[in-house]
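Report on the following structure.
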Amino acid sequence: MKTVLKWTGILLLLLIFGFSASVAVLKNRTFDAPYPQLKASTDSAIIERGKAIVYGPAHCAHCHTPASEIDRIDKGDIVPLAGGHIFDIPPGKFYTQNITSDKETGIGNLPDSTIARSLRYGVGHDGRALFDFMPFHNLSDEDMVAVLSYLRSTTPVKNKVPETEISTLGLVLKAFLLKPVGPEGEIPSSVKPDSSIAYGKYLAESVANCKGCHTNRDLKTGAYIGPFYGGGFVMPCENTPGKAVVTRNITVDPEHGMLAYMNEDAFIKRFRDGKRVHESTMPWGPFSRMSEMELKAIYRFLKTIPPVKNDPGPVLVDLK
Ligand code: HEC
Ligand code: HEC
């Protein structure tokens, strides 16, 4: 009996040792992905389009500035994208990067193709897999160029953002599970902005991340665990510790879906009104500046989503 126990103990120790050694080696895994051959432009109309995307539907500014700036962003101030927003989730404490054109602390020294690769293929400048915060994998070439062009035109801001602190769970995920999330199907070279369902789908899934937030996800891995647009994703509040907001069901389900009883005008008005739940993580300010055409397109697309029977429950809950 004693020898059996002894050997089980030794085996277990070996297993733990082997596991920790693999984590230590694999957590720094790097990945390959193509570098999109896209170049920033100095054309003022393209830069303006980029700025409208960055401070509007793509809400880069909502994440790449500290949480204390959100009220200013919501009001429409062009706050510099100097980074420092903290996402404190099970895999770690993530600090968003400084994405101003500063050469030392920002992205001034990164080639256009490297920045485009991060956004499109989820592979960071140093080859690591990025956690899937950003939904721009299928952003069209034209819009990617507009975003790059705007980023290049920004005034450099010196701000050294702290390194992300990965938790033990995060290290294990990085070693064994985390893979870069890339585009689905073909990447469009350009998508015509109009009030069509097609443009609405593009905005909701490849620019504004309606799908990424309004679908239940596992906070540990980022994996989708609920039907698309059915809500129920419990997101820790960035400005109210201990609380979480729960995303809504935005399908046309007559019982639980927000879109069953909202007509197009009410939908547009809701977006113009901006944030109502103080703790909300939804970038209401940037979205309130979308054009009527863009909001119409999103509404028309959401109306085509099959109804999802899912009750997301109360908007505000205690974080477990
Ligand atoms: C929902 C929040 C969010 C939004 C919106 C967002 N970002 Fe990010 N971004 C992050 C986080 C978090 C990281 C760090 C991810 C990591 O380290 O795994 C990051 C990283 C980056 C990086 C660095 C990647 C690398 O090579 O290391 C760039 C560049 C970037 N974002 C640009 C943008 C641009 C441009 C936009 C808008 C088009 C944008 N981000 C919108 C949260 C966001
Ligand atoms: C970063 C996460 C996030 C993103 C991105 C996001 N939402 Fe939300 N949304 C939420 C949360 C959380 C709530 C619940 C709190 C609130 O009402 O603000 C919410 C609430 C809503 C509501 C209900 C508002 C009400 O009056 O009760 C609608 C409608 C909605 N979102 C639509 C959208 C659409 C359309 C998009 C894409 C353009 C989108 N959301 C993108 C997180 C998000």
Side-chain angles (χ1 to χ4, degrees), residues 50 53-65 81 83 85-87 89 91-100 106-107 110 114-119 121-136 139 143-144 146-148 150-151 154 161 163-164 166 170 174 178 180 200 203-215 217 222 229 231-238 244-250 257-259 262 266-267 269-271 273-284 286-288 290 294-295 297-299 301-302 312 314-316:
I53 298 173
V54 165
Y55 286 89
H59 61 282
C60 317
H62 182 90
C63 291
H64 284 276
T65 56
L81 308 167
H85 193 113
I86 305 167
F87 290 95
I89 55 176
K93 205 168 172 183
F94 291 81
Y95 292 84
T96 59
Q97 278 89 344
N98 176 345
I99 57 169
T100 70
I107 56 169
L110 294 181
T114 302
I115 300 168
R117 184 179 80 154
S118 298
L119 298 177
Y121 293 99
V123 175
H125 64 282
D126 49 4
R128 76 191 191 287
L130 298 177
F131 281 81
D132 193 26
F133 284 93
M134 299 182 286
F136 313 116
L139 197 69
D143 286 346
M144 185 72 85
V147 168
L148 291 171
Y150 174 67
L151 293 179
T154 59
V161 172
E163 293 275 329
T164 285
I166 302 279
K174 279 185 81 173
L178 188 69
L203 285 174
E205 309 204 330
S206 304
V207 188
N209 211 21
C210 315
K211 179 172 153 189
C213 280
H214 284 275
T215 303
R217 296 173 85 166
Y229 300 98
F233 180 20
V234 179
M235 307 184 82
C237 297
E238 292 145 16
V245 268
V246 187
T247 62
R248 307 289 87 200
N249 179 336
I250 52 171
M258 302 269 326
L259 258 75
M262 248 188 191
F267 184 81
K269 178 163 187 313
R270 178 65 196 89
F271 275 80
D273 286 352
K275 192 189 286 189
R276 284 191 193 144
V277 177
H278 166 74
E279 295 83 354
S280 184
T281 49
M282 181 157 153
W284 282 107
F287 287 168
S288 72
M290 283 196 274
E294 289 173 319
L295 290 169
I298 293 174
Y299 180 80
F301 164 64
L302 291 175
V315 169
L316 205 58

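First listed ligand is number 1; within each ligand, the first listed atom is number 1. This one's a predicted model, so the numbers in the text were calculated from it and none came from an experiment.
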Take the angle between the ring planes of F287 and F271 and call it parallel below 30°, perpendicular above 60°, tilted in between. tilted

With under 30° as parallel and over 60° as perpendicular, where do the rings of H59 and H62 fit, or are they tilted in between? perpendicular

Please work out whether any backbone atom (N, CA, C, O) or any side-chain heavy atom from C-beta onward of F271 is under 4.0 Å from ligand 2, and answer side chain, backbone, both or neither. side chain

Which atoms of ligand 1 are found less than 4.0 Å from any heavy atom of G124? 25 (C), 26 (O)

Using a strict cut-off of 4.0 Å, indicate which atoms of ligand 1 neighbour a heavy atom of F136. 36 (C), 37 (C), 38 (C), 39 (C), 41 (C)

Considering non-hydrogen atoms of the protein only, which is the closest contact for [atom], and what is the distance?
atom                    : value
atom 25 (C) of ligand 1 : H125 ND1, 3.3 Å
atom 26 (O) of ligand 2 : R270 NE, 2.5 Å
atom 1 (C) of ligand 1  : C63 SG, 2.8 Å
atom 27 (O) of ligand 2 : M258 CE, 3.5 Å
atom 41 (C) of ligand 2 : F287 CE1, 3.4 Å
atom 2 (C) of ligand 2  : C213 SG, 2.0 Å
atom 34 (C) of ligand 1 : C60 SG, 3.7 Å
atom 17 (O) of ligand 2 : V277 CG2, 3.9 Å
atom 40 (N) of ligand 2 : H214 NE2, 2.8 Å
atom 38 (C) of ligand 2 : C210 SG, 2.7 Å
atom 16 (C) of ligand 2 : S280 OG, 3.5 Å
atom 18 (O) of ligand 1 : F131 N, 3.2 Å
atom 20 (C) of ligand 1 : Q97 OE1, 3.1 Å
atom 11 (C) of ligand 1 : T96 CG2, 3.8 Å

Is it the side chain (CB and beyond), the backbone, both or neither of [X] that lies under 4.0 Å from ligand 1, heavy atoms counted?
X    : result
L119 : side chain
V147 : side chain
R128 : side chain
S118 : side chain

For the backbone of I115 and the side chain of H125, can you confirm whether one donor and one acceptor N or O come within less than 3.5 Å of each other? no

The side-chain contact (heavy atoms from CB on, under 4.5 Å) partner of N209 among P135, P283, P57 is P135

For ligand 2, is there an N or O atom under 3.5 Å from any N or O atom of W284? yes

Below 4.0 Å from ligand 1: does a non-hydrogen atom of [X] turn up there or not?
X    : result
I99  : yes
V54  : no
R117 : no

Over all atoms of both residues, closest heavy-atom pair of R248 and P314: NH2-O, 3.3 Å

Would you tell me which option among [options] has the nearest heavy-atom contact to [atom]?
atom                    : options                : answer
atom 14 (C) of ligand 2 : L302, V246, V245       : V246
atom 42 (C) of ligand 2 : K211, H278, M282       : M282
atom 12 (C) of ligand 2 : L316, T281, I250, L295 : T281

H64 N/O/S atom closer than 2.8 Å to atom 8 (Fe) of ligand 1: yes

Atom 8 (Fe) of ligand 1 reached by M134 (N, O or S, under 2.8 Å): yes

Considering distance alone, does some N or O of H59 sit under 3.5 Å from an N or O of ligand 1? no

